[in-house]
Amino acid sequence: MVENEKVNKILYGGDYNPEQWPEEIWEEDMRLFQLAHIDVVTLNVFSWASLQSDEDTYHFEKLDQIMDMARSHGLKVCLATSTAAHPAWMARKHPDILRTDFNGMKHKFGGRHNSCPNSPTYQKYARMLAEKLAVRYKDYDNIVAWHISNEFGGACYCENCERKFRQWLKERYGTIAEVNRVWDTAFWGHTFYDFDDIVTPNMLSEHFAANRTTFQGITLDYRRFNSESILNCYKLEYDAIHAVTPDIPITTNLMGPYQDLDYHMWADYMDFISWDNYPANDTPFEETAFKHDLMRGLKQGKPFALMEQTPSVTNWLPYNSLKRPGVMRLWSYQAIAHGSDTVMFFQMRRSIGACEKYHGAVIDHVGHEHTRVFREITALGSELDKIGSLTLGARTDAKAAIVFDWDNWWATDISAGPSVSLHYCDEILHYYKAFHSLNIPVDVIGVKDDLSRYSFVIAPLLYMVKSDYDEKIRTFVNNGGIFLTTFFSGYTDEHDLVTVGGYPGKLRDILGIWVEEEDALPEDGANSFTYKDTVYQAKLICDLLHTENAKALCHYEHDFYAGMPVLTRNAFGKGAAYYVATRSDAGFYQTLIGDICREAGIEPIIEKTGNVEVTMRRNANGTFLFFLNHDEDPHDICLHHAYRNILTDVSYKEGDMMPLAGRDVAILMEIPQ
Ligand code: GLA
Ligand code: ZN
């Protein structure tokens, strides 16, 4: 579907459930898809119940019909495996498939995304179904991707999982003595004598709230185990399909910064990344940008697929407001601007029953094409036809990176102290938004990624320094890179055991500081500091630190630690390492990041105009600048190069002003000079 030789344009379509409709409707759907320039449908997402009626009986006739219809109408297919909702008979006859939740409640049949990942029944029948689908449809050359299950997630705490967890711990740690060491069970007399003493950490055991645990070590390991357990289900299906159709790429739809699953681990087993983007009308557009960049970063910048978005409304927000005219188009291009090579919707036709009947769709309950939403979809479809293959495969060339790490997210989330208002994603976003507001492209990378292609790397809240990650940073800075980290960094190793000898632990020499204490401020508390003649707030956490080799660049102005450093810079090898000891406001981050980018030789794509987002992608066809006007008002943008707008064919010379209407988009292709 992405970087696939069967695909020569930005694929356009989405989740289609003809099995919910009588066949007369299908032909009408085909007519409407053609009108709207739809060329791909995701089929078979929730059909397990109709495909398999008992252990041995399968019924593929209806799916055959649907597959044939799609092929004969020239539609490409993203074929799902249907394993995201198990059939009722399976729950009745094999209750091991049902999850036990965080409160210890064993569930009954109902809902979806609800199978125990360690259920032998689930694993067996999910794998078999995936294999049967692959064998049956392998010769359909219009299949552009396999879509395993749907939005994998959640967690299970059943007895299957408990047994498997003990086994996982045995494999990871070998002996119970080592488990006791890494969880520091000498605390509160939790020493385990046998692996069988270990139970799942939930509200029946170590927890007193979802992210409040008395033992961080066990909870952290359970989160890892759960993410891996669910990944194993994906892998079972992946291997079964891949053995039959090795040339068809396989994916599953991710959900942006989704806490339960460590997507960096998942990405290794995905042929391309795809994800579902559901911003609310008031979601800041920089946050959506961040999510796209996080998804792009999972596979080192390879293009991804926008697998789902709503054409208009969702059904699950408290207030399901309409996407205003032009917004569906704007947000579709935002995905492309950040690296997507598809634009896809949930759903093609609005169902008549159950909880998604009022969720937006390409085809509304009225049944015809004369709707605002359909008109907007058709207009975008014809633009995507016009773009053709021009932007496919294009990469973003970022010289700056932000490190995002699920272990660090989990560990800071469950930490008892220093502050309940400390949220990993918030801290990442403060820095991300600074780059975004400066029109400086940034990659969002994991701890396994190579740092040498970047000049500037930021790792906010690098609380846990796993194995030799400090060595990677040391080498990066030694070789001339600029590194920045913040308060609550370098505290622990991968087991959440504190690195003793002074914070920030293994980062201490790189940063040239010693953090002696940290003060958590209440919501309305603030200190202040002055950077380049402007006074900024110090909030949330104020580290009390001493410089060792580093130079202090600004200082607290109040309280008993007035005069102690807030921002430090340590010249280290050929590079430098910055430390920001507190949380400040957007103005500070923007100024600081702008200054450090200049020091690192990183230039903005173009200067900022209003809320016009600008990104750049490059491929063998050329360099493309995407301008996305998130304002309702128009803007004029001064261009510093010659370009052609590939949507309108208007050409510009260097120095021209390009008018951009409210919520409009321009994709400018550089004209070589
Ligand atoms: C998710 C699911 C879809 C649908 C949409 C509704 O993304 O994958 O099946 O439920 O949400 O927004
Ligand atoms: Zn389970």
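Everything quoted here is computed from the prediction, not taken from an experiment. Atoms within each ligand, like the ligands themselves, are counted from 1 in listed order.
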> Do Phe346 and Tyr278 have ring centroids that are under 6.0 Å from one another?
Replying inline: no
Closest non-hydrogen atoms of Ile248 and Asp271, given as atom of the first, atom of the second and distance, are O-OD2, 4.2 Å
Problem - Near-ring test His368/Phe374, centroid separation under 6.0 angstrom - result: no
Lining ligand 1 at under 4.0 Å, by non-hydrogen atom distance, are residues Phe46, Arg112, Asn150, Glu151, Asn253, Asp276, Tyr278, Glu308, Trp316, Phe346, Glu356, His359
Can you tell me how the ring of Trp266 sits relative to the ring of Tyr263, calling it parallel under 30°, perpendicular over 60° and tilted otherwise? perpendicular
Examine Arg350 relative to Tyr358 and say whether NZ or CZ is less than 6.0 Å from the centre of the six-membered ring and inside a 45° cone about the ring axis. no
List the atom pairs, with distances to 0.1 Å, where a side-chain N or O of residues 98-106 and a protein N or O form a donor-acceptor pair under 3.5 Å, not counting sequence neighbours.
from, atom 1, to, atom 2, distance (Å)
Arg99, NE, Ser115, O, 2.9
Arg99, NH1, His113, O, 3.4
Arg99, NH1, Gly153, O, 3.2
Arg99, NH2, Ser115, O, 3.3
Arg99, NH2, Gly153, O, 3.1
Asp101, OD1, Asn103, N, 2.9
Asp101, OD1, Gly104, N, 3.1
Asp101, OD1, Met105, N, 2.9
Asp101, OD2, His107, NE2, 2.9
Lys106, NZ, Pro95, O, 3.0
Lys106, NZ, Leu98, O, 3.0

Cationic N near anionic O, under 4.0 Å, Asp443 to Arg296: yes
Excluding water, the protein N, O or S atoms sitting under 2.8 Å from the Zn ion (ligand 2) are Cys116 SG, Cys156 SG, Cys158 SG, Cys161 SG
Between Asp39 and Lys9, is there a side-chain N and carboxylate O pair less than 4.0 Å apart?
yes
Kindly list each side-chain donor-acceptor pair under 3.5 angstrom involving residues 116-123, sequence neighbours excluded, with atom names and distances?
from, atom 1, to, atom 2, distance (Å)
Asn118, ND2, Ser229, OG, 3.2
Ser119, OG, Asp96, OD2, 2.5
Ser119, OG, Thr121, N, 3.2
Ser119, OG, Tyr122, N, 2.9
Thr121, OG1, Asp96, OD1, 2.6
Thr121, OG1, Asp96, OD2, 3.1
Tyr122, OH, Thr83, O, 2.8
Gln123, NE2, Pro117, O, 2.8

